[in-house]
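The structure appears right after this line, and notes come after that.
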Amino acid sequence: MERFEASAVTHMLVVADAPRSRDWYVDVLDASVYGEYGGTSVVLDLLGTWILLVTGGPPTPGKPTVELDVPADPDRASAQIIFRVADCQATYELLAERGAEFLAPPNVREGETRAFFRDPDGHLFEISELT
């Protein structure tokens with residue numbers, strides 16, 4: 001094999017309560033449930049992207065120094081998921097009605113209208129419209 005190949009990419013997010021998070025992703029972002037495992041993990045299809053929600057846990061033989069935990073401080077993000085939308089204001093209003101808690105109303109900056117929100121565990125999301 002001369003190049004990296006894979007059949008899919010899955011984004012894993014550590015959550016405190018898998019059923020609660022599943023419901024939020026389904027109700028707010030229209031994700032569909034692909035599978036659920038033991039009450040501790042949920043696989044979602046979100047706009048054709050796999051999202052794996054898992055509860056935290058201690059190191060394992062495959063990752064002996066890594067502990068999985070929800071974000072300790074949601075104001076210190078190291079990653080986010082960004083959605084390109086056609087109308088940021090309309091999407092903001094729709095998601096806010098469904099329970100998304102935005103950090104601020106949509107803001108225009110450098111040719112984009114953007115707004116940021118978090119899931120129940122503090123993971124950061126952005127909706128963005130080119131202006």
Side-chain angles (χ1 to χ4, degrees):
M1 178 187 326
E2 294 192 25
R3 63 177 288 189
F4 174 76
E5 293 182 29
S7 61
V9 173
T10 301
H11 301 277
M12 184 185 78
L13 299 174
V14 180
V15 299
D17 181 325
R20 177 194 69 175
S21 292
R22 174 204 59 218
D23 292 348
W24 186 89
Y25 281 83
V26 168
D27 295 343
V28 175
L29 298 178
D30 291 322
S32 56
V33 177
Y34 180 79
E36 298 186 60
Y37 309 96
T40 60
S41 64
V42 178
V43 179
L44 302 171
D45 180 347
L46 178 60
L47 299 171
T49 298
W50 295 111
I51 303 288
L52 171 61
L53 306 175
V54 299
T55 55
T60 63
K63 50 179 183 45
T65 62
V66 178
E67 183 173 333
L68 298 179
D69 202 357
V70 297
D73 180 353
D75 288 331
R76 297 183 57 91
S78 63
Q80 71 181 35
I81 295 176
I82 303 167
F83 301 101
R84 177 71 69 202
V85 298
D87 184 331
C88 192
Q89 183 65 40
T91 304
Y92 167 82
E93 291 169 8
L94 173 69
L95 297 182
E97 287 173 11
R98 292 179 174 187
E101 295 182 18
F102 283 84
L103 306 182
N107 178 310
V108 178
R109 180 176 167 213
E110 299 176 9
E112 286 185 280
T113 302
R114 302 159 52 176
F116 298 86
F117 62 101
R118 294 188 180 117
D119 76 359
D121 292 287
H123 298 103
L124 187 62
F125 293 87
E126 173 187 339
I127 53 174
S128 171
E129 170 193 356
L130 289 177
T131 53

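Note that the structure is a prediction, hence the values are computed from the model and not measured.
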Show the numbers, then the answer: is there a side-chain contact (heavy atoms from CB on, under 4.5 Å) between L29 and D119?
-> CA-CA 10 Å; L29 298 178; D119 76 359; over 6 Å; no
T60 side chain near V66 side chain, heavy-atom distance below 4.5 Å = no
Specify the closest pair of heavy atoms between V54 and S41, including all atoms of both residues, with the distance to one decimal.
-> CG1-CB, 3.8 Å
Is the ring centre of F102 less than 6.0 Å from the ring centre of Y92?
-> yes
Hphob cluster co-occupancy, V85 + L130, side-chain heavy atoms under 4.5 angstrom = no
Can you measure from CD1 (I127) to CG (D87) and round to the nearest 0.5 angstrom?
-> 9.0 Å
Should the pair R118-E101 be classified as a salt bridge under the 4.0 Å nitrogen-to-oxygen rule?
-> no
Could you go through the side-chain contact (heavy atoms from CB on, under 4.5 Å) check for I82 and F125 one step at a time?
-> CA-CA 6 Å; I82 303 167; F125 293 87; over 6 Å; no
If you look at every heavy atom in W24 and G99, which pair is closest and at what distance?
-> NE1-O, 4.1 Å
Decide yes or no for T49 and H11: does some side-chain heavy atom of the first lie under 4.5 Å from some side-chain heavy atom of the second?
-> yes
Nearest heavy-atom approach of A16 to V70 is N-CG1, 3.4 Å
The reported gap from CD in Q89 to CG in L94 (rounded to nearest 0.5 angstrom) is 12.0 Å
Do F83 and F116 share a hydrophobic cluster, counting only Ile, Leu, Val, Met, Phe, Trp and Tyr and linking them when any side-chain heavy atoms are less than 4.5 Å apart?
-> no
Salt-bridged, R84 to E112, with N to O below 4.0 Å?
-> yes
Should D27 and R98 count as side-chain neighbours, where that means a heavy-atom distance under 4.5 Å?
-> no
Without swapping roles, check the side chain of E129 against the backbone of C88 for a donor-acceptor pair under 3.5 Å.
-> yes
Around Y37, counting heavy atoms of other residues, nucleotides and ligands shown, do more than 12 lie under 6.0 Å from its OH?
-> yes
List the steps, then state whether side-chain contact (heavy atoms from CB on, under 4.5 Å) holds for L44 with V33.
-> CA-CA 5 Å; L44 302 171; V33 177; 3.9 Å; yes
At their closest point, which heavy atom of A18 faces which heavy atom of T55, and how far apart are they?
-> N-CG2, 4.1 Å
Looking at side-chain heavy atoms only, is the closest gap between W50 and V9 below 4.5 Å?
-> no
On a heavy-atom basis, the closest approach of P106 and A115 is CA-CB, 3.9 Å
Between CG of L13 and CD1 of I81, what distance do you get to the nearest 0.5 Å?
-> 5.0 Å
Take Y25 and L53 through the side-chain contact (heavy atoms from CB on, under 4.5 Å) test and state the conclusion after the steps.
-> CA-CA 10 Å; Y25 281 83; L53 306 175; 3.9 Å; yes
Going by distance alone, is a donor N or O of one side chain under 3.5 Å from an acceptor N or O of the other, for S21 and D121?
-> yes
Linking I/L/V/M/F/W/Y whenever any side-chain heavy atoms sit under 4.5 Å apart, do M12 and V15 land together?
-> no
Considering all heavy atoms, the nearest G57-E67 contact = O-CG, 3.3 Å
Hey, any chance L95 and L46 share a hydrophobic cluster, counting ILVMFWY side chains that come within less than 4.5 Å of each other, even indirectly?
-> yes
